[in-house]
Trainee: 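Quick one: this structure, given as structure tokens, is what I'll be asking you about.
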Number of protein chains: 2
Amino acid sequence: MKRPTIADIARRAGVSKGAVSYALNGRPGVSAGTRQRILAIAEEVGWQPNSAARALSGSMSNVVGLALCRPARVLGIEPFFMELISGLEAELSARDYGLTLQVVADADAELAVHRRWWAERRVDGVLVCDLRVDDPRVPALEELGLPAVVIGGPAHTGGLPSVWHDDAQPLAETVEYLAALGHRRIAHVAGLPELLHTRVRTEAFHDVTTRLALPEAVTVSSDYTGEAGARITRRLLSSPRRPTAVIYDNDVMAIAGLGVAQELRLDVPGDLSIVAWDDSPLCQLTHPALTALGRDIPAYGAIAAKRLLAAIAGEDVGDHRDVPAQLTTRGSTGAPR
Amino acid sequence: MKRPTIADIARRAGVSKGAVSYALNGRPGVSAGTRQRILAIAEEVGWQPNSAARALSGSMSNVVGLALCRPARVLGIEPFFMELISGLEAELSARDYGLTLQVVADADAELAVHRRWWAERRVDGVLVCDLRVDDPRVPALEELGLPAVVIGGPAHTGGLPSVWHDDAQPLAETVEYLAALGHRRIAHVAGLPELLHTRVRTEAFHDVTTRLALPEAVTVSSDYTGEAGARITRRLLSSPRRPTAVIYDNDVMAIAGLGVAQELRLDVPGDLSIVAWDDSPLCQLTHPALTALGRDIPAYGAIAAKRLLAAIAGEDVGDHRDVPAQLTTRGSTGAPR
DNA sequence: CTGAAAGCGCTTACAG
DNA sequence: CTGAAAGCGCTTACAG
């Protein structure tokens with residue numbers, strides 16, 4: 001019951017292994033009749049390529065790597081990553097590529113994983129998430145020569161191709177929407193300050209609140225956990241001139257913020273309007289449902305995967321600017337009373 | 001700048017490739033001095049084994065596969081899977097094993113993925129989640145001879161080793177706790193009816209409510225989504241003799257249930273007590289926080305990974321019974337008024 | 001303890 | 001269009 005190899009097929013077809021290889025890979029070098037015969041035999045014996053043998057001679061592993069550098073509890077609770085992975089996979093598996101995943105403790109560990117993957121030829125390329133300001137991974141990956149696509153940007157991606165989207169405009173639109181409802185004191189509970197997109201959002205928040213002359217606007221940094229969201233919200237809401245609206249950089253913190261408002265017997269949206277960034281299904285489970293900034297994350301992942309495969313194939317892949325997040329208004333926002 | 005191979009090391013050390021292989025793998029066959037010299041050179045040139053070459057000769061890929069068969073939106077929103085993956089990885093990466101992940105549409109697709117992985121020798125073994133009643137994957141995997149560990153049980157796992165935990169006892173304890181608080185009308189919003197653990201919980205619910213003489217106890221099936229949780233809760237709460245307590249089979253539905261109760265201006269826990277199964281951090285974000293049945297999921301994953309590696313190594317791995325879920329009471333449960 | 005060789009299952013120039 | 005051969009980078013009997 002050994003697995004059939006191309007040698008077995010060659011023997012049964014009465015041709016050389018080379019001919020079998022050409023036939024099976026759809027390459028020229030065999031006549032149509034021979035090709036047909038070979039394919040039929042392969043089908044009949046249930047031949048499947050040995051991935052190790054292919055990788056060893058072709059020097060391609062047909063695997064793409066993703067190292068995630070967030071604590072397990074954040075990864076688990078943030079729908080973003082699993083949605084991204086689903087999108088990646090839809091594209092990868094359609095092209096017979098595998099995805100290997102590793103959860104790492106920090107950026108150094110992530111880089112070490114990338115080095116090892118590449119040195120061992122376990123992957124043909126990697127996806128890079130959570131881009132930081134002056135991210136050390138960018139020059140390191142460039143030096144390694146490991147094909148990579150950065151999910152994030154713009155800029156700070158060096159010579160690596162990126163898939164990114166603008167966060168400044170949606171943030172500005174959201175503040176304008178809240179201001180139009182009559183809010184004057186708006187707070188922004190931001191994510192990890194070292195992440196590039198946190199900086200983009202924070203700067204956009206500063207710019208638009210300055211432009212709209214909202215001097216009491218404030219940004220507070222967090223680590224994306226619900227605990228942080230709750231703690232910061234309690235502090236904000238117990239200040240003398242508390243905000244009437246809060247924008248949270250993820251959905252988990254927004255839910256925590258809603259919980260705190262309810263705990264303090266504040267009416268949402270009468271006393272406090274809440275906006276979540278990342279419109280996961282969680283936003284529609286609460287009462288009131290959360291107004292949220294959402295994007296099609298699986299589609300985003302699919303584009304990143306497609307670009308990475310192109311980069312692996314040696315194509316000159318440029319940056320891809322994806323559509324910005326859209327604001328969906330729900331019960332958690334309204335005029336302050 | 002080609003990557004160094006054992007041939008390079010052998011040349012520099014003035015020994016054969018075989019000697020280098022023995023030295024690098026800690027096998028007998030080389031003297032201590034030669035081994036030292038070889039290891040030093042390998043270190044110096046930054047040698048890393050080519051995984052394909054190793055797999056081709058050793059017939060091991062050092063990769064474990066996990067196929068997840070849930071829609072992307074459920075996977076994303078359920079903390080369970082990412083926590084499980086974190087736990088798997090902690091164990092796997094410590095033993096230099098990789099994890100390859102694939103999201104599939106249904107059980108047939110999952111089996112096809114397993115077959116392909118094994119045929120292509122991409123994995124040395126697989127983890128099987130979401131065990132069903134008379135699961136067709138069990139005999140199929142047994143026939144393939146692909147090392148596998150089932151996460152779930154008991155029974156219905158054929159000859160495959162499993163890592164499981166009892167859901168009947170925690171369910172019974174929860175109902176007893178609610179009954180002790182004075183609840184007489186208790187509902188159970190169950191998960192997918194085809195999953196084995198759903199059946200275990202449902203039967204346990206039936207048994208304990210019968211024993212406690214709670215004739216109005218009812219179980220309703222769902223698909224784990226928040227929408228289903230909300231829809232079922234609305235129906236339950238609008239019935240003439242509505243339940244005063246509901247046990248939800250996951251945290252997402254429990255949160256949706258809380259939202260519906262708030263929408264209907266019911267007091268939680270005064271009018272309705274809520275219990276969530278799966279005590280993810282989400283349960284502590286709501287107001288009131290949710291009473292929940294929780295377990296250490298990463299640790300569960302780590303045990304499953306450890307057992308799978310043992311099975312791959314040819315050890316005779318038995319079933320492992322993990323600790324049952326513990327009930328943590330929070331603000332969402334209390335005496336009915 | 002060590003060396004030389006075969007082999008894992010493919011791919012790919014290189015001759016015919 | 002086809003065949004015979006080398007090679008990918010390891011591991012592992014098999015001789016010395």
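Numbered from 1 within each chain, the chains take letters A, B, ... in sequence-line order. Note that the coordinates shown come from a computational prediction; the quantities given were computed from them, not determined experimentally.
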Trainee: Under 3.5 Å, is there a donor-acceptor pair between the side chain of B:Ser93 and the main chain of B:Asp96?
Mentor: no

Trainee: To the nearest 0.5 angstrom, please state how far the CG atom of A:Asp124 sits from the CG atom of A:Leu146.
Mentor: 9.0 Å

Trainee: B:Thr34 side chain: which of C:dT2, C:dG9, C:dC10 is closest?
Mentor: C:dT2

Trainee: Hey, which of B:Arg137, B:Arg70, B:His197 is the one that makes side chain to side chain donor-acceptor pair (under 3.5 Å) with B:Asp130?
Mentor: B:Arg70

Trainee: Specify the residue among B:Ala53 and B:Arg27 whose closest nucleotide of DNA chain D lies further upstream toward the 5′ end.
Mentor: B:Ala53

Trainee: Expressed as a whole number of angstroms, how long is the span from A:Arg121:CZ to D:dC8:P?
Mentor: 14 Å

Trainee: Nearest whole angstrom, please: distance from the P of C:dG9 to the CG of A:Asp8.
Mentor: 9 Å

Trainee: Below 3.5 Å is the cut-off: list the nitrogen or oxygen pairs between protein and nucleotides 13-16 of chain C, distance only.
Mentor:
| from | atom 1 | to | atom 2 | distance (Å) |
| --- | --- | --- | --- | --- |
| C:dA13 | N7 | A:Tyr22 | OH | 3.2 |
| C:dA13 | N6 | A:Tyr22 | OH | 3.0 |

Trainee: Mind calculating the distance between CD1 (B:Ile9) and P (D:dG9) to the nearest angstrom?
Mentor: 12 Å

Trainee: Search all heavy atoms of B:Leu131 against all heavy atoms of B:Ala155 and return the closest pair with its distance.
Mentor: CD2-O, 3.9 Å

Trainee: Using OP1 and OP2 only, check whether a side-chain N or O of B:Ser57 sits under 4.0 Å from D:dT12.
Mentor: no

Trainee: What nucleic acid atoms does A:Ser31 come within less than 4.0 Å of, heavy atoms only: base, sugar-phosphate, or nothing?
Mentor: sugar-phosphate

Trainee: Once you round it to whole Å, what is the distance between C1' of D:dT12 and CE of B:Met60?
Mentor: 15 Å

Trainee: Can you establish whether the number of heavy atoms outside B:Asp316 located under 6.0 Å from its atom CG is more than 12?
Mentor: no

Trainee: Determine the stems involving DNA chain C; a stem requires 3 or more consecutive pairs of the Watson-Crick or G-U wobble kind, each with both distances below 3.5 Å, and the answer is none if no such run exists.
Mentor: C:1-3 with D:14-16, C:5-12 with D:5-12, C:14-16 with D:1-3

Trainee: Before giving the answer on side-chain contact (heavy atoms from CB on, under 4.5 Å), spell out for B:Gln48 and A:Arg121 the whole-Å C-alpha distance, their side-chain angles and the decisive distance to 0.1 Å.
Mentor: CA-CA 9 Å; B:Gln48 298 270 50; A:Arg121 291 292 184 267; over 6 Å; no

Trainee: For the pair B:Arg37 (side chain) and B:Ala13 (backbone), establish whether a donor and an acceptor sit closer than 3.5 Å, ignoring hydrogens and angles.
Mentor: yes

Trainee: Choose from C:dC10, C:dA4, D:dC10 the nucleotide whose nearest atom is closest to any side-chain atom of B:Asn50.
Mentor: D:dC10

Trainee: Side chain of A:Ile6, heavy atoms from C-beta onward: which of C:dG9, C:dT12, C:dC10 has the nearest atom to it?
Mentor: C:dC10

Trainee: What does B:Gln48 touch in the nucleic acid at a heavy-atom separation under 4.0 angstrom: a base, only the sugar-phosphate, or nothing?
Mentor: sugar-phosphate

Trainee: Return no unless some side-chain N or O of B:Ser21 is found under 4.0 Å from OP1 or OP2 of D:dT11.
Mentor: yes

Trainee: Just how far, in rounded Å, is P of C:dT12 from NZ of A:Lys17?
Mentor: 14 Å

Trainee: Under 4.0 Å, counting only non-hydrogen atoms across every strand here, what does B:Gly14 touch: a base, just sugar-phosphate, or nothing?
Mentor: sugar-phosphate

Trainee: Ignoring hydrogens and angles, state whether a donor on the side chain of A:Arg54 or A:Asn25 is under 3.5 Å from an acceptor on the partner side chain.
Mentor: yes

Trainee: When you measure from the side-chain N and O atoms of A:Asn25 to the phosphate of C:dT11, is any distance below 4.0 Å, counting only OP1 and OP2?
Mentor: yes

Trainee: Going by atom types only, do B:His165 and B:Arg295 share a side-chain donor-acceptor pair under 3.5 Å?
Mentor: yes

Trainee: Tell me the interatomic distance from B:Ile38, atom CD1, to D:dC10, atom C1', rounded to whole angstroms.
Mentor: 15 Å

Trainee: For A:Thr157, give me all partners under side-chain hydrogen bond (donor to acceptor under 3.5 Å, both in side chains), at least two apart in sequence or on another chain.
Mentor: none

Trainee: In whole Å, what is the span from the CG atom of B:Leu56 to the P atom of C:dC10?
Mentor: 9 Å

Trainee: Are OP1 or OP2 of D:dT11 and a side-chain N or O of B:Arg54 less than 4.0 angstrom apart?
Mentor: yes

Trainee: Please report, rounded to the nearest Å, how far the P atom of C:dG9 is from the CH2 atom of A:Trp47.
Mentor: 12 Å

